[in-house]
Undergrad: 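My questions all concern the structure below.
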Amino acid sequence: MYPSFQSSMHSNQDNNPATLFDPQTGVELHRHPDLWFDDGSVICRAEFILFRIHISQLCRHSSFFRDMFSIGDHSHSVLGSSIHSKGGPNDFENCPLIELHDKAEDVGNLFAALYDGPHFGNNDQDDFRVVSGVLRLATKYLVDHLREKAIAHLNIAWPSTLKGWDAREDLARAYEIETGTSGARLYPSPLAVINLAREVDVLTLLPSAFFDLSRYTYSQIFDPCVQDPLYYPSNHISQSPSPSPTSPPPSICLSLSDTQRLSLGKEASQYAITSLIQSMSNSQSIRNCGLQSQSAFSLTHPLTHSYTSSLSGSMHQSGHYHHHRSSSSAICISAAACRKDFSELVDLATKHYLFDRERGYSDPLYMADEIGGLKSEASECKACARSLETWAMRERERVWRLIPTWFRLGSDTGFASPERTSSPPVPVVE
């Protein structure tokens, strides 16, 4: 994470050899406290901040700047007519000037990464502001290695694998325990991530961002109040120098097409929950017959687009299967008790679903994980408990693979395509 240059600028401002200003507007300009080198060969201006850096450093990392400096003579693009000084001599008379129409904070973070290497943080909201700015400018100015590193860093919080998603959710739960606030506040708004992914063409970020967003109600997404997880203070998403602490945060909007994708994906996610409960209910008679459990979801719901899958449940997210059982038997030792257990599980899952649906929440990955562990702790039939765990794990994998399909994101998102697979074997009831 790079330090805020505004605070550093105030501490070093008294050391400036001369006050600089724009002769056309009279606006005072400031040398960047860390990225003003006395031997620099070019000055870049972004907003009211000046960076004196080295042409060789720009050309080394950016094919954009390399091509720009290789064409024409830039010795006439001097600062005398663009920047004046008062109270001291000019110390940059022979430096060409480049005006960058970018945020000064983003330019500073980009140049710092070029000189010192990228030092990203923990993917929280402040880190996202830095990384997203670096990614935008690395894309714009063709700094390929920085773009790749920024994308890899964002993929930690917005992964394309279920294992990565579970690790992300572990961090969110740890943050919630540590701070007493919603784990969702650890990460930036998925709305901002979706818009960034569109802007810089990083489609791998979209499925997990859309799925994360779909877990909230429409009012939380589009009209959040202060208590909502998706309510972000102004200073997290606005570069205004002095945002009012009482003013609502500026809205982050999706495009019309992405709003449609969100609506379709939320519908599919909610249907996945009911299909999981239905599959559990049907599994009782299937177990009695000693047959393999089959999901009804892909055979009945049009949103799968002919993909075969069995899906999962609701609520939040947990996503870990650490309860490995030692029993290797696939034989149910208490058929009547297990039938009763599964009937109770269906009732419990239905109550959870109805409660979450009433509030507008849905998270099939979390509910499938919870269901998979419900029979493990107290059941005497280890075979059925292990079978339920295995079934839930596979359901979660299928749900994860279907997310791009739910949100109509195509095949260029880095997710594995949904495959036609059979359900796991179930214990034989004797």
Undergrad: Nearest 0.5 Å, please: how far is OH in Tyr175 from OG in Ser182?
TA: 8.5 Å

Undergrad: Could you check whether any side-chain N or O of Ser62 sits under 3.5 Å from a backbone N or O of Val143, counting only pairs where one atom can act as donor and the other as acceptor?
TA: no

Undergrad: In a check of side chain to side chain contact (heavy atoms under 4.5 Å, CB included) between Arg45 and each of Ile98, Asp22, Leu100, which one passes?
TA: Asp22

Undergrad: Say whether, by atom type as modelled, one donor and one acceptor occur between the side chain of Lys266 and the main chain of Phe211 under 3.5 angstrom.
TA: no

Undergrad: Would you compute the distance between atom CZ of Phe222 and atom CG of Leu230 and round it to the nearest 0.5 angstrom?
TA: 10.0 Å

Undergrad: Provide the closest heavy-atom pair for Gly121 versus Asp127 in the form atom of the first, atom of the second, distance.
TA: N-OD1, 2.5 Å

Undergrad: Under 3.5 Å, is there a donor-acceptor pair between the side chain of Asp212 and the main chain of Ser208?
TA: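 No.
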
Undergrad: Would you please name every residue forming a side-chain contact (heavy atoms from CB on, under 4.5 Å) with Arg198, sequence neighbours left out?
TA: Leu203, Leu206, Phe210, Asp258, Arg261, Leu409

Undergrad: For residues Pro364 and Ser269, report the shortest heavy-atom separation together with the two atoms involved.
TA: CD-OG, 3.1 Å

Undergrad: Any heavy-atom pair between the side chains of Thr179 and Leu186 that's under 4.5 Å?
TA: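 No, their side chains stay 4.5 Å or more apart.
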
Undergrad: Regarding His61 and Asp144, is there a side-chain donor-to-acceptor distance under 3.5 Å anywhere?
TA: no

Undergrad: Measuring centre to centre across the rings, with the benzene-like ring taken for any Trp, is Phe37 within less than 6.0 Å of Tyr115?
TA: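 Distance test on ring centres: under 6.0 Å, yes.
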
Undergrad: Might you point out which heavy atoms bring Phe111 and Leu58 nearest each other, and give the distance in Å?
TA: CE2-CD2, 3.7 Å

Undergrad: To the nearest 0.5 Å, tell me how far Thr204 OG1 sits from Leu154 CG.
TA: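 Separation between the atoms: 9.0 Å.
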
Undergrad: Keeping the roles fixed (side chain from Arg52, backbone from Ile43), state whether a donor-acceptor pair exists under 3.5 Å.
TA: no

Undergrad: Could you tell me the separation between the OH atom of Tyr141 and the CG atom of Leu146, rounded to the nearest 0.5 Å?
TA: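 Reported to 0.5 Å precision, the distance equals 14.0 Å.
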
Undergrad: For Arg168 and Trp158, run side-chain contact (heavy atoms from CB on, under 4.5 Å): C-alpha distance rounded to whole Å, both residues' side-chain angles, the deciding distance at 0.1 Å, then the answer.
TA: CA-CA 8 Å; Arg168 171 202 197 271; Trp158 310 96; 3.2 Å; yes

Undergrad: Salt bridge or not for Glu176 and Arg185, using N-O below 4.0 Å?
TA: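 No, no charged N to carboxylate O under 4.0 Å.
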
Undergrad: What's the shortest heavy-atom distance between Val193 and Ala209, and which atoms?
TA: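 Scanning both residues, the minimum pair turns out to be CG1-CB, 3.9 Å.
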
Undergrad: Is there a donor-acceptor pair closer than 3.5 Å between any side-chain N or O of Asn195 and the backbone N or O of Cys253?
TA: yes

Undergrad: Do any N or O atoms from the side chain of Trp406 and from the backbone of Val399 form a donor-acceptor pair under 3.5 angstrom?
TA: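 No, the answer is negative, given that no donor and acceptor are paired below the 3.5 Å cut-off.
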
Undergrad: Taking the side chain as C-beta and beyond, is there a heavy-atom pair between Tyr271 and Glu267 under 4.5 Å?
TA: no

Undergrad: With the threshold set at 4.0 Å, does a side-chain nitrogen-carboxylate oxygen contact exist between Arg136 and Glu199?
TA: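 Yes, charged N to carboxylate O under 4.0 Å.
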
Undergrad: Is there a side-chain contact between Leu50 and Leu20, using heavy atoms and a 4.5 Å cut-off?
TA: yes

Undergrad: How long is the span from the CZ atom in Arg408 to the CG atom in Leu262, to the nearest 0.5 Å?
TA: 12.5 Å

Undergrad: Less than 4.5 Å apart, any side-chain heavy atom of Val107 and any of Leu35?
TA: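 No. Closest side-chain heavy atoms not under 4.5 Å.
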
Undergrad: Any side-chain to backbone donor/acceptor pair from His54 onto Ser56? Under 3.5 Å, distance only.
TA: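 No, because the side chain of His54 does not come within donor-acceptor range (under 3.5 Å) of the backbone of Ser56.
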
Undergrad: Answer yes or no: is there a donor N or O on one side and an acceptor on the other, between the side chain of Arg401 and the main chain of Arg396, under 3.5 Å?
TA: no

Undergrad: Please lay out, stage by stage, how Thr217 and Gln220 fare under the test side-chain contact (heavy atoms from CB on, under 4.5 Å).
TA: CA-CA 5 Å; Thr217 66; Gln220 288 178 319; 3.1 Å; yes

Undergrad: Would you mind checking if Lys140 and Asp102 are paired as a salt bridge, meaning a charged N to carboxylate O distance below 4.0 Å?
TA: yes

Undergrad: What heavy-atom pair brings Phe51 and Ala46 nearest, and what distance separates the two atoms?
TA: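 Closest heavy-atom pair between Phe51 and Ala46: CE1-CB, 4.1 Å.
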
Undergrad: Run the side-chain contact (heavy atoms from CB on, under 4.5 Å) check on Asp363 and Tyr216 step by step: do they pass?
TA: CA-CA 9 Å; Asp363 188 341; Tyr216 300 98; over 6 Å; no

Undergrad: Between Ile53 and Leu114, does a side-chain contact (heavy atoms from CB on, under 4.5 Å) hold up when you go through it step by step?
TA: CA-CA 11 Å; Ile53 55 177; Leu114 292 181; over 6 Å; no

Undergrad: Roughly how far, to the nearest 0.5 Å, is CG of Leu142 from CG of Asp67?
TA: 8.0 Å

Undergrad: Side chains of Thr274 and Gln270: closer than 4.5 Å at any heavy-atom pair?
TA: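 Answer no - side chains too far apart.
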
Undergrad: Can you name the closest pair of heavy atoms from Pro404 and Trp400 and give their distance?
TA: CD-O, 3.9 Å

Undergrad: Dump the intermediate steps for salt bridge (Lys or Arg N to Asp or Glu O under 4.0 Å) on Asp166 and Lys163, then the final yes or no.
TA: CA-CA 5 Å; Asp166 289 341; Lys163 181 179 180 180; over 6 Å; no

